[in-house]
Amino acid sequence: MTDTRRTSIFAVGMFLLALLVATTLLSLASGAFRISFLDLLRIIGDGPSGEPIDGVAHNVFWQVRLPRVVLAVVVGSSLAVAGVIMQGIFRNPLAEPATVGVSAGAAVGAVIAIIIGLNEFPLGVQIAAFIGGTLSTALVYLLSRSDGKTEVVTLILTGIAINAFAGAVIGFGVFVADDDDLRSVTFWSLGTLGLATWKAVGVVAPLALAGMLISTRFARVLDILALGDRPASHLGVRVEPVRLQAIAVVGLLASSAVAATGIIAFVGLLVPHIMRIVLGPRHRHLLWTSALLGATVTLLADLAARTLLSPAELPLGVVTALIGAPFFLLLLRSTRRSQGGWA
Amino acid sequence: MTTALIAKNLVVVRGNSTLLNDVSLEIKAGELVAVIGPNGSGKSTLLGAVAGDFALDAGSVTLNGNDLATLAPRELARARAVLPQQIVISFPFTVREIVAMGRSPWRDDNDDERIDSAMHRLEVMSLRERTYQTLSVGEQARVSMARVLAQDTPLLLLDEPTAVLDIGQQERFLAIARALVDEGRGVVAVLHDLNVAMRFATRVVVLHEGRCVASGDPQSVLTPVLLSDVYHQKIQVTTTMEGRSVILPEQR
């Protein structure tokens with residue numbers, strides 16, 4: 001019994017990996033400047049500093065497209081893993097960094113950091129985003145909890161309030177301060193991978209990797225938390241410390257992503273839900289498969305964002321919201337049914 | 001297995017109301033202690049206090065001489081298991097996965113054997129691949145009990161374990177509880193059904209408005225006078241032809 005399941009998890013993992021590789025190659029090849037697959041292989045073979053046969057294609061690949069694709073993979077997997085952990089500790093399938101305001105909190109932290117000049121320091125923006133993201137996670141957690149479980153209504157309403165407040169702060173900040181680093185309100189609220197550089201990748205990747213490695217430690221505990229706080233503590237889980245650590249990891253994953261790309265919504269909602277349908281709710285498998293699918297989904301969304309109206313580019317958040325928001329409504333409906341109405 | 005849990009002079013206050021007022025409880029290996037009393041008399045609070053769920057306002061709970069608060073959560077989880085009243089599980093875990101969670105304080109070579117034997121005992125083997133949310137209330141209760149059994153602890157604290165079971169399931173459940181006691185485990189069960197308490201308990205503790213008003217062997221504690229007083233209802237105790245005591249409300 002367990003054996004057949006293990007095979008199917010292995011098969012699903014292989015499939016997701018193959019899908020990610022294929023999507024990565026497709027993303028590297030397509031865009032405003034097309035690179036054929038043969039050229040792609042040649043450029044990769046040349047290496048970043050190799051003698052380029054085609055100078056433009058070489059530069060586009062190494063300086064524009066590859067950092068963008070890598071950033072998409074890192075950010076997409078971070079957001080998906082953050083979604084898995086949030087849903088686990090909130091005991092609620094609707095929790096996700098963007099919808100409940102964690103990403104907005106991180107964005108506020110980043111904007112404030114840039115206004116007061118913290119971006120002069122290494123990791124200054126990321127640390128401020130981390131503080132903003134973690135604080136808003138903790139705030140949502142405190143406000144929407146009752147009897148050890150977060151109610152859907154309070155969760156969503158808290159998210160609306162935090163998002164509205166954060167949106168105002170970001171808008172105000174962008175309006176009064178005239179710093180190029182602040183970028184635009186659109187950048188923060190809709191997100192884009194268009195500003196990807198190796199420097200950005202260098203900052204985000206270690207943080208994201210650290211967050212994902214730490215998250216594997218929570219896998220078993222997140223399963224047990226599904227029983228509720230008290231039954232979990234009866235099984236020897238230190239519920240509150242675990243939850244605080246998990247909130248910090250969510251803050252780390254979401255805020256490093258947001259500081260680099262702005263708020264990309266719904267990836268953290270859609271991806272864990274799909275993986276839960278395919279593999280069941282055990283977090284040991286949910287975490288890494290969601291990371292793979294999150295990377296793929298984000299790559300595909302970014303591919304759509306930059307090719308649909310090429311050479312113009314859509315904000316990435318427009319694409320994820322077009323797919324994610326209707327899905328969110330469906331999920332809201334089914335959650336409501338399973339919880340027997342809102343009241 | 002000589003585990004003993006001793007609760008002395010427990011006081012629990014919430015806001016203006018005293019939920020437990022100077023209640024003591026002792027549970028040793030090989031005993032089934034039934035906690036009875038009307039709704040709101042503090043039965044579940046007593047169970048929670050003994051389980052170590054919250055800080056006490058006064059009194060102490062010790063496990064083999066050690067204060068509960070000084071024990072590591074995992075150590076405690078290897079000593080006592082708790083069956084809550086109905087629980088809501090937030091994701092579609094299968095029955096097998098839920099029962100397996102009971103092994104979480106151990107995680108050793110015995111896991112598979114203990115999980116299977118617990119599922120057999122509670123007759124939930126055929127449900128193993130079903131998700132918890134699709135089960136009936138009675139099935140859910142048996143799955144939760146199987147999880148508690150898989151935890152394999154010398155002490156079990158059960159909050160109304162038979163409340164949602166039909167009469168057949170209830171009898172089978174009580175046979176399991178008795179077998180657990182015969183194995184040398186200690187069981188504390190909050191019970192609503194006084195006849196169940198009469199038949200199965202080694203000792204009965206009667207709570208009324210947060211106080212312990214009687215405690216001792218069922219025959220001497222469960223008297224018409226005491227019960228009528230505590231439940232505000234005339235109650236009689238009669239004896240059947242086989243010599244069993246039966247507790248009945250008197251008709252108005």
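In what follows, every chain begins at residue 1, and chains take the letters A, B, ... in the order their sequences are listed. On a predicted model such as this, the values are computed, not experimentally measured, just so you know.
Residue A/F15 places its CZ atom among 12 or fewer non-hydrogen atoms of other residues, nucleotides or ligands, all under 6.0 Å distant. Open room surrounds CG on B/D109; 12 or fewer heavy atoms of other groups in view lie less than 6.0 Å from it. Atom CZ of B/R14 has more than 12 neighbouring heavy atoms from other residues, nucleotides or ligands inside a 6.0 Å radius. Annotation: A/R238, atom CZ; neighbour count of heavy atoms from other residues, nucleotides and ligands within 6.0 Å does not exceed 12.
Here the closest heavy-atom approach between residue B/R80 and residue A/H234 is recorded as NH1-O, 3.1 Å. The two residues B/I87 and A/L227 come nearest to each other via the heavy atoms CD1-O, 4.0 Å.
Relative orientation of the B/F93 and A/H283 rings is tilted, given thresholds of 30° and 60° on the angle between their planes.
For the atom pair CD1 of B/I89 and CG of A/D223, the computed distance is 11.0 Å after rounding to the nearest 0.5 Å.
Looking at B/P105, both its backbone and its side chain come within 4.5 Å of chain A, counting heavy atoms on both sides. Heavy-atom distances place the side chain of B/I98, and not its backbone, under 4.5 Å from chain A.
Contact annotation: the side chain of B/R147 approaches that of A/L235 to within less than 4.5 Å [non-hydrogen atoms, C-beta and beyond]. Looking at A/R220 and B/S104, their side chains come closer than 4.5 Å, going by heavy atoms from C-beta outward. By the 4.5 Å heavy-atom criterion applied to side chains, B/F91 and A/Q87 are counted as neighbours.
Ranked by heavy-atom pairs shorter than 4.5 Å toward chain A, the options B/A72, B/P73, B/A77 are led by B/P73. No other option in A/P231, A/G88, A/G236 has as many heavy-atom pairs under 4.5 Å with chain B as A/G236.
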